Colleague: 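I'd like to ask some things about the structure below.
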Amino acid sequence: MSSSIHPIAVDPVSLGLRPFSARSIVLSVLLGGEPPRLPVSAIMALAELFDVPTGTMRTALSRMVSNGELTNDDGVYALSGRLLRRQRLQREGRAEPTGEWNGDWVSVLVSADRRSVAARRAFRSALSDLRFGELRPDAWLRPDNLGAAVREQAEQLDDVIVLRGSLDRPSNAEVAHALWPLDELAAAGRRLLSALEATSDRLDGDDPTVLPGAFTISAAVVRHLTVDPQLPLELHAGIDGSRAWPAHELRTAYDHYERRFQRLLRSFLVARIS
């Protein structure tokens with residue numbers, strides 16, 4: 001173990017995260033894994049690395065299995081149910097949007113007079129996953145730059161009217177700012193980019209004590225890219241005083257960071273479970 005490397009000090013709150021719990025440790029490593037499963041010995045090694053008591057981690061695993069979040073096949077835990085969808089959304093967030101934009105928007109309007117609380121929550125979750133922004137509870141919009149698949153998934157929702165076309169007024173940029181906190185997202189993206197740049201080289205050593213801090217940064221970046229609205233380049237002008245949208249550079253930087261992170265993580269786990 002290298003003595004020249006010290007733990008990465010990271011404040012989760014400053015990156016928009018809560019401190020890691022036993023559950024969030026399991027989720028972070030499995031959501032980033034391919035395939036998304038680990039033996040219990042590896043999970044217990046991670047618990048020790050994060051100073052989580054063994055009993056606390058076993059209780060968290062049991063609850064996650066009971067809640068349908070994980071399966072347990074002879075001591076091998078794997079993502080299940082809605083968490084597999086969450087993993088897919090995270091992967092989509094890491095992919096650079098490639099669709100061209102002709103100025104059209106897609107609008108999804110609720111046609112039902114009344115909806116249950118569960119139906120409203122499901123609708124909000126579905127539209128958020130598709131990266132629509134909420135104008136009001138029954139009206140969600142986004143630029144039509146993510147391809148036909150997004151429109152088709154919106155059309156499959158119950159009790160909706162889906163419209164497509166350009167805006168007469170206000171301007172495209174004004175609508176985008178009304179739908180998403182773009183200045184805040186840009187500032188958060190730049191903070192995360194700085195965190196990656198400041199810590200990436202430290203993953204090249206063999207000291208596993210840097211992993212908890214690296215976990216925190218990795219989870220914050222993935223979360224940020226999952227909520228990034230993936231707007232057309234034309235709508236980034238003037239945001240946070242710059243045309244550059246940090247999510248573009250953040251995706252590239254994170255690809256390099258994650259390769260180093262996963263190498264160190266695999267090395268740590270193999271050494272502990274072999």
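Residue numbers start at 1 and run along the sequence shown. No experiment lies behind these values; they were computed from the predicted model shown.
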Colleague: Can you classify the ring geometry of Phe261 versus Tyr257 as parallel (below 30°), tilted (30 to 60°) or perpendicular (above 60°)?
Modeller: parallel
Colleague: Under 4.5 Å between side-chain heavy atoms, counting indirect links through other Ile/Leu/Val/Met/Phe/Trp/Tyr residues: same cluster for Val150 and Val227 or not?
Modeller: no
Colleague: Closest approach of Leu264 and Gly205, non-hydrogen atoms and distance?
Modeller: CD1-O, 3.7 Å
Colleague: Listed by chain and number, what are the side-chain contact (heavy atoms from CB on, under 4.5 Å) partners of Ala148, not counting sequence neighbours?
Modeller: Arg151, Glu152
Colleague: With sequence neighbours excluded, what pairs up with Asp159 under the salt bridge (Lys or Arg N to Asp or Glu O under 4.0 Å) test?
Modeller: none
Colleague: Got a donor-acceptor contact below 3.5 angstrom from the Trp245 side chain to the His248 backbone?
Modeller: no
Colleague: Restricting to pairs with a member in residues 144-172, which pass ring pair (Phe, Tyr, Trp, His ring centres under 6.0 Å), not counting sequence neighbours?
Modeller: none
Colleague: Taking Asp201 first and then Arg260, would you say they form a salt bridge - that is, a charged N and a carboxylate O separated by under 4.0 Å?
Modeller: yes
Colleague: If hydrophobic clusters are built from ILVMFWY residues whose side chains come within less than 4.5 Å, do Leu157 and Leu146 share one?
Modeller: yes
Colleague: With side chains defined as the heavy atoms from C-beta onward, is the minimum distance between Phe123 and Asp158 less than 4.5 Å?
Modeller: no
Colleague: Verify the neighbour count for atom CD of Gln262: are there more than 12 heavy atoms of other residues, nucleotides or ligands below 6.0 Å?
Modeller: yes
Colleague: Taking only residues at least two apart or on different chains, which pairs with a member in residues 25-71 satisfy ring pair (Phe, Tyr, Trp, His ring centres under 6.0 Å)?
Modeller: Phe20-Phe50, Phe50-Phe215
Colleague: Under 4.5 Å between side-chain heavy atoms, counting indirect links through other Ile/Leu/Val/Met/Phe/Trp/Tyr residues: same cluster for Leu61 and Val29 or not?
Modeller: yes
Colleague: Among residues at least two apart in sequence or on other chains, which ones pass salt bridge (Lys or Arg N to Asp or Glu O under 4.0 Å) with Asp255?
Modeller: Arg94
Colleague: Under 3.5 Å, side chain of Ser194 to main-chain N/O of Arg190, donor-acceptor pair present?
Modeller: yes
Colleague: Where the side chain of Thr59 meets the backbone of Gly55, is there a donor-acceptor pair that is under 3.5 Å apart?
Modeller: yes
Colleague: Does a side-chain heavy-atom distance below 4.5 Å link Leu233 with Trp101?
Modeller: no
Colleague: Hey, is the main chain of Glu197 close enough, under 3.5 Å, to the side chain of Ser200 for a donor-acceptor pair?
Modeller: no
Colleague: Please enumerate all residues that pass side-chain hydrogen bond (donor to acceptor under 3.5 Å, both in side chains) together with Arg121, with sequence neighbours excluded.
Modeller: none
Colleague: What's the shortest heavy-atom distance between Ala154 and Leu130, and which atoms?
Modeller: N-CD1, 3.9 Å
Colleague: I need the full list of salt bridge (charged side-chain N to carboxylate O under 4.0 Å, His left out) pairs touching residues 29-39, with sequence neighbours left out, sorted by first then second residue.
Modeller: Glu34-Arg91
Colleague: Tabulate below the donor-acceptor pairs under 3.5 Å that side-chain atoms of residues 132-142 make, not counting sequence neighbours, or state none.
Modeller:
{"residue": "Glu134", "atom": "OE1", "partner": "Arg124", "partner atom": "NH1", "Å": "2.9"}
{"residue": "Glu134", "atom": "OE1", "partner": "Arg124", "partner atom": "NH2", "Å": "3.4"}
{"residue": "Glu134", "atom": "OE2", "partner": "Arg124", "partner atom": "NH2", "Å": "2.9"}
{"residue": "Asp138", "atom": "OD1", "partner": "Arg115", "partner atom": "NH2", "Å": "2.7"}
{"residue": "Trp140", "atom": "NE1", "partner": "Pro137", "partner atom": "O", "Å": "3.3"}
{"residue": "Arg142", "atom": "NH1", "partner": "Arg131", "partner atom": "O", "Å": "2.5"}
{"residue": "Arg142", "atom": "NH1", "partner": "Pro229", "partner atom": "O", "Å": "2.9"}
{"residue": "Arg142", "atom": "NH2", "partner": "Asn145", "partner atom": "OD1", "Å": "2.8"}
{"residue": "Arg142", "atom": "NH2", "partner": "Pro229", "partner atom": "O", "Å": "3.1"}
{"residue": "Arg142", "atom": "NH2", "partner": "Gln230", "partner atom": "O", "Å": "3.0"}

Colleague: Under a 3.5 Å distance rule, please check whether Thr56 uses its side chain to pair with a backbone N or O of Val52 as donor and acceptor.
Modeller: no
Colleague: May I ask you to decide whether Arg202 forms a salt bridge with Asp207, counting only side-chain N to carboxylate O separations under 4.0 Å?
Modeller: no
Colleague: State which residues pass salt bridge (Lys or Arg N to Asp or Glu O under 4.0 Å) with Glu48; sequence neighbours excluded, sorted by chain then number.
Modeller: Arg272
Colleague: For residues 143-167, pull every pair meeting ring pair (Phe, Tyr, Trp, His ring centres under 6.0 Å), keeping only residues two or more places apart or in separate chains.
Modeller: none
Colleague: Mind listing the closest non-hydrogen atom pair of Gln87 and Leu31 along with its distance?
Modeller: NE2-O, 3.1 Å
Colleague: Please table the atom pairs, donor to acceptor, closer than 3.5 Å between any side-chain atom in residues 65-74 and protein atoms at least two apart or in another chain.
Modeller:
{"residue": "Ser66", "atom": "OG", "partner": "Ser62", "partner atom": "O", "Å": "3.1"}
{"residue": "Asn67", "atom": "ND2", "partner": "Arg63", "partner atom": "O", "Å": "3.2"}
{"residue": "Glu69", "atom": "OE1", "partner": "Arg23", "partner atom": "NE", "Å": "3.4"}
{"residue": "Glu69", "atom": "OE2", "partner": "Arg23", "partner atom": "NE", "Å": "3.4"}
{"residue": "Glu69", "atom": "OE2", "partner": "Arg23", "partner atom": "NH2", "Å": "2.5"}
{"residue": "Glu69", "atom": "OE2", "partner": "Arg82", "partner atom": "NH2", "Å": "3.1"}
{"residue": "Asn72", "atom": "OD1", "partner": "Gly75", "partner atom": "N", "Å": "2.9"}
{"residue": "Asn72", "atom": "ND2", "partner": "Tyr77", "partner atom": "OH", "Å": "3.3"}

Colleague: Can you list everything that forms a side-chain contact (heavy atoms from CB on, under 4.5 Å) with Ser171? Sequence neighbours excluded, please.
Modeller: Ala173, Glu174
Colleague: Taking all non-hydrogen atoms of both residues, which atom of Leu167 and which atom of Pro170 are closest, and how far apart?
Modeller: CB-O, 4.1 Å
